[in-house]
Amino acid sequence: MISDITLGQFFPGNSPLHRLDPRCKIILSVLFIVAIFIADTPIAFAFLFLVTLFLIIISRISAKVIFKGIKPIIFVVVFTSLLNVFLTVGKGAPLVEFYFIKIYTEGIVRAIFMSLRVILLIIGTSMFLTYTTSPITLTDGIESLLSPLKVIKLPVHAFAMMMSIALRFIPTLVEETEKIMNAQKSRGADFSSGGIIKRAKALIPILVPLFVSSFKRADELAVAMECRCYRGDINRTKLVKLEYKIRDFIWIFVFALILSATILTKFLPDMITRASEVLDILFYHI
Amino acid sequence: MDSVLEVRNVSYLYSKGTPFERVALDDVTVSFERGKITGLIGHTGSGKSTLVGLLNGLNKPLSGSILLNGIDIWQKPKEIAKIRYKVGLVMQYPEYQLFDETVERDIGFGPRNQGLSDEEVGLRVKEAIRYTGIDADLLSKSPFELSGGQKRRVAIAGIVAMQPDVLVLDEPAAGLDPKGRREILGHLKDFVSERGASVILVSHSMEDMAMYCDNVVVMNEGKIHSNGTVSEIFSRADELISIGLDVPSVARIAEKLKSRGITLDGELYTVDGVKAAIRKYIGGANNDL
């Protein structure tokens, strides 16, 4: 069922990750993403893998949930891995040669790195953002992080409000789609057979009611907000003010270290060869 | 009893295997009588809507079976779509399913999916609007121009037009005023008597049950609490109240009188029934009234 998708779902809890400041978590995700894209050695990936594992353990979110979250992207990962395996042309002799198919070691390595990168990226960011941060705190965090842009007249508050409304209505929309699908199935609609054109046509009975009710809901929401005197962020105060704590700084510091360590691994082989050269010269002179 | 639909030892879970797992139906066995209007009541979360979704094969029971005219509906899983024509389900707030350009085309969506000829579809639509009390003038209008009650009736007509053996209505009158309720529910009896169809009516309203149903099935916490004819069920008003259901207001009056030592007898769940009973009671003591 559609509602079984867990990617992008908040799991309430009280783990150290849940307690972090949302702005801190956004910064941490950015650092983590940069680290993942810089990493290109087995050591770096092993290291980031351990970091991700650590995040999963302290968030106290079950492995089952996390596995379900990455399930929808497994097809994409496998598909791109295969492309990488078959299309990468390496320097040395091919590992396997079969008519026009040539597989190089580089291709396999690249495919493994790419899959790890995507999977760690999804798990890492959902660990910080979606699983442990409620959509409302998340948009609060985004609004606060972007607030310096108000100086150049960017409608930061409107942007954050739009995001929180969009996030809030995803589950509603999913539920609604399911309901409408069931209603049309009860009238004998068939979504799973026939050619592309027939299937596209079969979507009309779902899309029309879905759009109609979405517009209606948007209208009702706007009226409800106006009834409560919503005027954007003019004179609006917050019930829960975001405040950085010492632990937030510690986390950011640790992740900055992780990022630097990942960058360092890039130069590690280079440094080792250079160091051995230096040693060679030294020993030669002695 | 000649039953059209039989539910045998059916269980159903939501979100199986996740932290959100919830038992919706727990070993439910019940049968629905042919040619009758059976009410299905129970408060929110009692499993009514889940049961209804299983009856026409939208969901498959985790265990147990559902028999339509004595045959398991999941015997041939590939032909489950055919079951949906025989057990017509009108979902809650069905007006959200309207999509076509005209009311006529929308009502005809089900019959067209059944593969009927245009001519036959036209006849089905005409018959369906008669059973749901829709004006023929509305047929050429867009369903989105109609009022809430009219939309609701068009949506119901869309199911009736498939000429199901069993018509299942999930809260068809929710959110409508008394006039709208009467317009929708009043026509059901004609549908049953003329077509020989059976109806299952899910509702919160005991007044509706008392007025329109022959039999009543009471559900509570995923189980069948009790089932019987309307008078059997409403004669045990205290039990219904104990599981948090509302009984018709007049039945509550009868109940209050009983607790004060005034025992009435007769049909104590309709206004007329209670009126007659009170008159009889008082008449016995004081002939002036």
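Side chains are part of it too, since the values below use all heavy atoms of this structure and drop only hydrogens, waters and symmetry mates. First the proteins, then the strands, lettered A, B, ... as listed; each starts at 1.
- One distance of note links CG of A:Leu210 with CZ of B:Phe99; it measures 13.5 Å at 0.5 Å rounding.
- Taking a 6.0 Å sphere around CG of A:Leu50, one finds it holds more than 12 heavy atoms contributed by other residues, nucleotides or ligands.
- Within 6.0 Å of CD in B:Glu221 there are 12 or fewer heavy atoms belonging to other residues, nucleotides or ligands.
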Show your working on side chain to side chain contact (heavy atoms under 4.5 Å, CB included) between B:Phe144 and A:Val208 and close with a plain yes or no. CA-CA 11 Å; B:Phe144 299 106; A:Val208 173; 3.9 Å; yes
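- Atoms CE and OG, on B:Met162 and A:Ser186 in that order, are 7.0 Å from each other to the nearest 0.5 Å.
- When the shell of 6.0 Å around OH of A:Tyr244 is examined, it contains more than 12 heavy atoms from other residues, nucleotides or ligands.
- A salt bridge links B:Asp106 with A:Arg187: at least one charged nitrogen is closer than 4.0 Å to a carboxylate oxygen.
- Rounding to the nearest 0.5 Å places CG of A:Asn182 at 8.5 Å from CG of B:Leu89.
- Heavy-atom neighbours of B:Tyr85 OH from other residues, nucleotides or ligands within 6.0 Å: above the threshold of 12.
- Looking only at side-chain heavy atoms (C-beta outward), A:Pro209 and B:Leu98 stay at 4.5 Å or farther from each other.
- For A:Phe211, the CZ atom is loosely surrounded, since the number of other residues' heavy atoms within 6.0 Å does not exceed 12.
- Taken from NZ in A:Lys185 to CG in B:Asn113, the straight-line distance is 13.5 Å, to the nearest 0.5 Å.
- For B:Glu194, the CD atom is densely surrounded, since the number of other residues' heavy atoms within 6.0 Å is greater than 12.
- Between the side chain of A:Gln184 and the backbone N or O of B:Gln97 there is at least one donor-acceptor pair closer than 3.5 Å.
- Under a cut-off of 6.0 angstrom, the local environment of CG in A:Leu207 is crowded, with over 12 non-hydrogen atoms contributed by other residues, nucleotides or ligands.
- Both the backbone and the side chain of B:Tyr96 come within contact range of chain A, with heavy atoms under 4.5 Å apart.
- The distance from atom NZ of A:Lys179 to atom CG of B:Leu58, rounded to the nearest 0.5 Å, is 13.5 Å.
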